[in-house]
**Student:** 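For reference, the structure I am asking about is given below.
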Amino acid sequence: MKKTPNQPDSPIWLPYTQMKTALPQLKVKSAKGVYLHLEDGRKIMDCISSWWVILHGHAQKEIAQAISNQAKNLEQVISAGYTHQPAEDLAQKLIDALPRPLSRVFFSDNGSTAVEVALKIAFQYWKNLGVTNRTRFLCFEGDYHGDTIGAMSAADKSAFNDVFSELLFPCDQVPFPFTFKEDETADQKEEKALERLDEMLKINGSNYAAMIIEPLVQGACGFRICRTEFLSRLKEKLQAYGILLIFDEVMTGFGRTGEIFACIKANCVPDIICLSKGITGGFLPLGVSVCTEEIYQAFYADDPKKTFYHGHSYTANPICCAASLASFELLQKTQAKLKKIENWHRDNLDELSKSGLVEKTRFMGTIAAMDVKLGPNKEYSPKDTRSIIKAFQDKGFLIRPLGNTIYILPPYCIVENELTSVYQTIGDVLGSLRFHR
Ligand SMILES: *Cc1c(COP(=O)(O)O)cnc(C)c1O
């Protein structure tokens with residue numbers, strides 16, 4: 001059978017990709033700092049931290065060294081009944097960095113599992129207390145929590161999970177009050193979200209186990225940002241009904257919002273927090289769900305039925321924990337840089353806004369996003385996303401728009417002129433593709 005250029009002769013089935021229409025794959029030979037080096041000799045600037053995981057930069061030598069040392073010493077051990085120094089040190093580091101009363105760390109191995117664990121803990125928590133009617137969950141419109149069945153259930157219903165709808169448990173959705181520069185309706189949107197929540201609480205308040213949220217920044221639905229104060233107001237409402245609050249900080253964790261965790265930036269402590277992605281600096285998969293002492297105590301019992309029967313083969317893998325410890329150490333030296341990146345985003349967004357090519361600009365910490373401005377009779381289609389990806393690729397940049405949202409989420413090692421060049425290229429690409437006309 002004849003293969004088209006879009007059907008590479010490869011057994012690999014790619015994620016989120018219609019293989020029939022996929023752009024040809026670029027083959028990466030190595031990576032360093034913000035750059036991917038391709039087999040064909042080109043270099044590509046990784047403006048999205050390779051799906052939001054690379055924290056400091058590619059091939060960061062301290063993390064590579066920690067992984068190498070750990071692999072030679074203890075590569076893996078069963079996590080039930082056995083422990084090891086990297087897991088103990090990492091758990092301690094995490095709870096030292098997180099606000100009290102978050103204090104008990106459950107390890108898993110990716111973001112979706114960290115979310116599944118949190119949802120299951122919240123659900124069983126009430127059962128363990130003898131409360132049998134708290135079986136529902138609350139979530140936000142536009143939220144994304146991963147691709148396993150539970151994580152999809154707690155997310156917005158979208159084109160990505162529509163086909164699985166019969167498998168998903170119901171989740172009551174509240175609008176997310178996302179805001180952007182020169183948005184005059186931020187107050188109204190927050191009021192509307194809280195009113196909607198009030199209505200649901202009046203009807204079902206005592207039937208909810210928990211609410212889950214991507215705090216401050218919703219990633220996958222287009223980097224939608226809300227104001228920090230909103231989270232405290234939300235928490236107050238939930239607390240009045242005893243409903244647990246789960247923060248999915250899989251994307252926002254480890255400095256992305258400018259503070260080490262969004263919960264610290266928003267000064268709002270959840271009952272459970274989910275972390276993954278940047279946790280190992282982007283080298284290896286690892287997930288954690290950290291809960292309060294109170295939740296932990298509901299499982300701490302003589303009755304075997306109160307046990308949390310959940311675990312993964314690679315729970316607390318020592319090499320992943322060692323990578324994470326090394327990444328943590330680097331992160332502690334990076335605080336000032338996070339602020340700098342935020343300032344560069346602000347200046348560049350202001351400059352780019354003047355071009356009339358983008359709108360709804362927004363940023364928080366190291367994250368920036370904007371929508372492609374469409375001319376009066378222009379419609380944006382998935383084909384346009386492909387054109388944008390390709391145009392950036394040709395200029396040496398890895399950018400992957402979400403719909404008509406272009407976002408930048410760089411590794412922290414990026415320097416000012418590199419980031420400025422990303423914005424200049426956004427201007428060039430959008431100018432030549434003429435969406436604004
Ligand atoms: C990426 C992501 C997940 C899923 O993590 P995986 O490691 O891809 O399973 C969950 N929640 C949020 C907020 C994410 O951004």
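Keep in mind it's a predicted model, so treat the numbers as computed, not measured. Reckoned from all heavy atoms, side chains included, excluding hydrogens, waters and symmetry mates. For ligands, and for the atoms within them, numbers begin at 1 and follow the listed sequence.
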**Student:** Holding to salt bridge (Lys or Arg N to Asp or Glu O under 4.0 Å), I want the full list of residues that pass it with K192, two or more places apart in sequence or in another chain.
**Tutor:** none
**Student:** Strictly under 6.0 Å, is that where the ring centroids of F299 and Y125 end up?
**Tutor:** no
**Student:** With sequence neighbours left out, what residues match S232 under side-chain contact (heavy atoms from CB on, under 4.5 Å)?
**Tutor:** C268
**Student:** Who are the residue neighbours of ligand 1 when the rule is a heavy atom under 4.0 Å from any of its atoms?
**Tutor:** W52, N110, G111, S112, Y144, H145, G146, E214, D248, V250, M251, K277
**Student:** What about F137 and F169, are their ring centers closer than 6.0 Å?
**Tutor:** yes
**Student:** For atom CD of E182, is the number of surrounding heavy atoms from other residues, nucleotides or ligands below 6.0 Å larger than 12?
**Tutor:** no
**Student:** Please tabulate, one pair per line, all N/O donor-acceptor pairs under 3.5 Å involving side-chain atoms of residues 29-39, not counting sequence neighbours.
**Tutor:**
from : atom 1 : to   : atom 2 : distance (Å)
K32  : NZ     : A59  : O      : 3.4
Y35  : OH     : E418 : OE2    : 3.3

